[in-house]
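Working notes for the structure below.
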Amino acid sequence: MQREVLDGAKRMVRDAIIQKLDIKIMLSSSNTIRIADFGCSVGPNTFIAMQHVVQALKDKLLQVTNSTNNIPEFQIFFNDHVINDFNTLFQSLPIDRSYYAFGVPRTFHGRLFPSRSIHFAHSSCAIHWLSKIYKELLDEKSPAWNKGSIHYICTSNVEVVNSYVAQFEKDMEMLLNARAEEIVEGGMMVLVTPFASYTRLMNFFGSSLMDLVNEGKLDESLVDSFNFPMYFPSPEDMTKVVEKNGCFSIEIMELTYAKSKLVEKVDAKTLMINLRAVLEGLIINHFGSEIAKEACARIILKSEEISTWMKANYEKSCQLFVALKHK
């Protein structure tokens with residue numbers, strides 16, 4: 001699914017570079033182009049995305065200079081949390097890569113690089129992860145106590161939604177402030193993130209957990225105190241945080257959908273292979289491995305419902321593409 005998000009954004013990344021990037025300004029003080037990929041995980045998707053970015057930048061250079069002479073060198077900084085498996089990442093580096101690779105282990109919500117050192121930044125399927133859950137969601141006495149649900153979608157409690165929004169805005173404020181210091185004048189940042197239609201998938205996990213509660217196999221208070229730390233921003237959400245920061249101009253913002261190959265043979269098992277790798281660790285940490293295993297198995301019993309949902313939402317906007325230029 002993440003590969004399909006990248007494939008769906010491929011044309012837009014290239015268009016942003018070719019049409020919107022002033023590469024002469026970027027290279028006025030350096031003959032090395034430095035690229036950062038935030039939320040790289042362990043590959044191979046990050047390598048595919050970065051090779052595409054490098055090729056688009058080379059094509060832009062050729063368009064501007066009309067010469068293959070003096071092509072700059074490329075440095076790519078692969079960033080993710082310190083618990084990311086960087087050993088696997090670097091063992092999988094493409095042998096024929098046309099760039100120098102570096103690892104940068106730390107959250108991207110803070111500073112990572114020297115001032116004015118990054119020319120192009122990229123992040124796919126990462127910024128929707130919140131740095132933490134807003135404290136009000138964890139307080140049983142708070143109006144934002146998310147009883148009986150594990151996410152903000154489909155809740156009637158506006159305080160829950162507001163808490164998610166507040167945490168997203170805080171995280172994006174930190175991210176944009178950091179990148180405003182690090183990205184050169186005229187440099188670009190591209191963000192690709194899942195959009196709201198994905199949030200329905202969270203509810204399949206929630207309903208499976210509540211099934212276990214109703215059968216007496218799980219304490220309801222454990223479900224009430226669990227919230228997926230993900231917020232899927234809308235164009236309005238992104239516009240608000242970018243304008244508040246004031247350091248970037250919005251060059252492109254577009255809602256799209258990835259043409260999923262999974263729809264041809266949609267079933268719960270196929271879906272779970274994709275989602276368990278992302279979500280199961282969170283469930284295990286909170287509920288334990290046995291509950292996590294059974295909750296995931298329960299989703300398979302909802303295969304018909306999941307199949308119907310995926311087919312109905314196949315051509316709905318499911319990802320948000322944003323290209324920002326440093327003023």
Side-chain angles (χ1 to χ4, degrees), residues 125 127-173 193-241 244 255 257 268 271-272 275 278-280 282-283 285-287 291-292 294-296 298-320:
C125 297
I127 66 165
H128 65 287
W129 286 99
L130 301 176
S131 63
K132 61 182 180 180
I133 284 294
Y134 210 64
K135 61 182 180 180
E136 278 75 8
L137 290 167
L138 305 177
D139 183 359
E140 188 173 357
K141 298 180 181 179
S142 167
W145 177 248
N146 198 13
K147 183 174 178 58
S149 184
I150 61 173
H151 204 235
Y152 65 89
I153 288 298
C154 294
T155 180
S156 59
N157 188 342
V158 68
E159 296 295 334
V160 170
V161 179
N162 290 341
S163 293
Y164 270 90
V165 172
Q167 187 60 53
F168 171 77
E169 291 179 349
K170 285 185 177 181
D171 286 350
M172 285 302 298
E173 180 180 14
T193 183
F195 183 55
S197 61
Y198 274 105
T199 55
R200 179 70 175 92
L201 298 177
M202 304 300 104
N203 290 339
F204 289 118
F205 282 89
S207 63
S208 294
L209 289 167
M210 288 307 297
D211 288 345
L212 295 175
V213 169
N214 294 333
E215 294 171 16
K217 297 180 178 180
L218 177 63
D219 190 329
E220 186 173 2
S221 64
L222 282 175
V223 178
D224 293 340
S225 60
F226 178 72
N227 294 273
F228 275 127
M230 291 180 285
Y231 181 77
F232 300 90
S234 67
E236 292 76 19
D237 291 322
M238 289 300 302
T239 299
K240 180 180 179 180
V241 294
K244 180 180 179 181
L255 283 173
Y257 71 93
L271 182 62
M272 288 304 301
L275 292 181
V278 179
L279 302 177
E280 191 174 26
L282 294 171
I283 300 175
N285 287 340
H286 190 83
F287 298 99
I291 291 296
E294 186 160 359
C296 291
R298 292 300 179 99
I299 292 182
I300 300 220
L301 300 178
K302 304 176 188 292
S303 59
E304 184 176 345
E305 183 181 357
I306 294 172
S307 297
T308 300
W309 178 86
M310 288 189 72
K311 290 174 181 176
N313 288 274
Y314 172 44
E315 293 193 357
K316 289 185 178 180
S317 297
C318 61
Q319 65 188 35
L320 176 64

Using 0.5 Å steps for rounding, measure from the [atom1] atom of [X] to the [atom2] atom of [Y].
X: I291; Y: L212; atom1: CD1; atom2: CG; answer: 5.5 Å
X: I153; Y: I150; atom1: CD1; atom2: CD1; answer: 12.0 Å
X: N146; Y: S163; atom1: CG; atom2: OG; answer: 9.0 Å

task: Spell out, as yes or no, whether a donor-acceptor pair under 3.5 Å connects the side chain of D171 to the backbone of S131.
output: yes
query: Can you tell me if H151 uses its side chain to pair, donor with acceptor, with the backbone of G206 under 3.5 Å?
result: no
- request: Verify whether one side chain among S234 and D237 offers a donor that lies under 3.5 Å from an acceptor in the other.
  value: yes
Given side chains that start at C-beta, do those of [X] and [Y] come closer than 4.5 Å, heavy atoms only?
X: H128; Y: Y231; result: no
X: L222; Y: H286; result: yes
X: Y134; Y: N227; result: no
X: L320; Y: L255; result: yes
X: Y164; Y: I133; result: yes
X: L209; Y: F287; result: yes
X: Y152; Y: L137; result: no
X: E294; Y: K217; result: yes

Qualifying residues under side-chain contact (heavy atoms from CB on, under 4.5 Å), relative to M210, sequence neighbours excluded: V213, E220, V223
If you take all heavy atoms of [X] and [Y], which pair is closest and at what distance?
X: P233; Y: F168; answer: CB-CZ, 3.4 Å
X: P194; Y: C125; answer: CD-CA, 4.1 Å
X: K132; Y: Q167; answer: O-CG, 3.2 Å
X: P143; Y: N157; answer: O-ND2, 2.7 Å
X: S225; Y: L138; answer: O-CD2, 3.9 Å

- request: Describe, in one word, how the ring planes of F205 and F228 are oriented to each other, choosing from parallel (under 30°), tilted (30 to 60°) and perpendicular (over 60°).
  value: perpendicular
- request: Before accepting this row, confirm whether a basic side-chain N of the pair E236/K240 lies closer than 4.0 Å to the acidic partner's carboxylate O.
  value: no
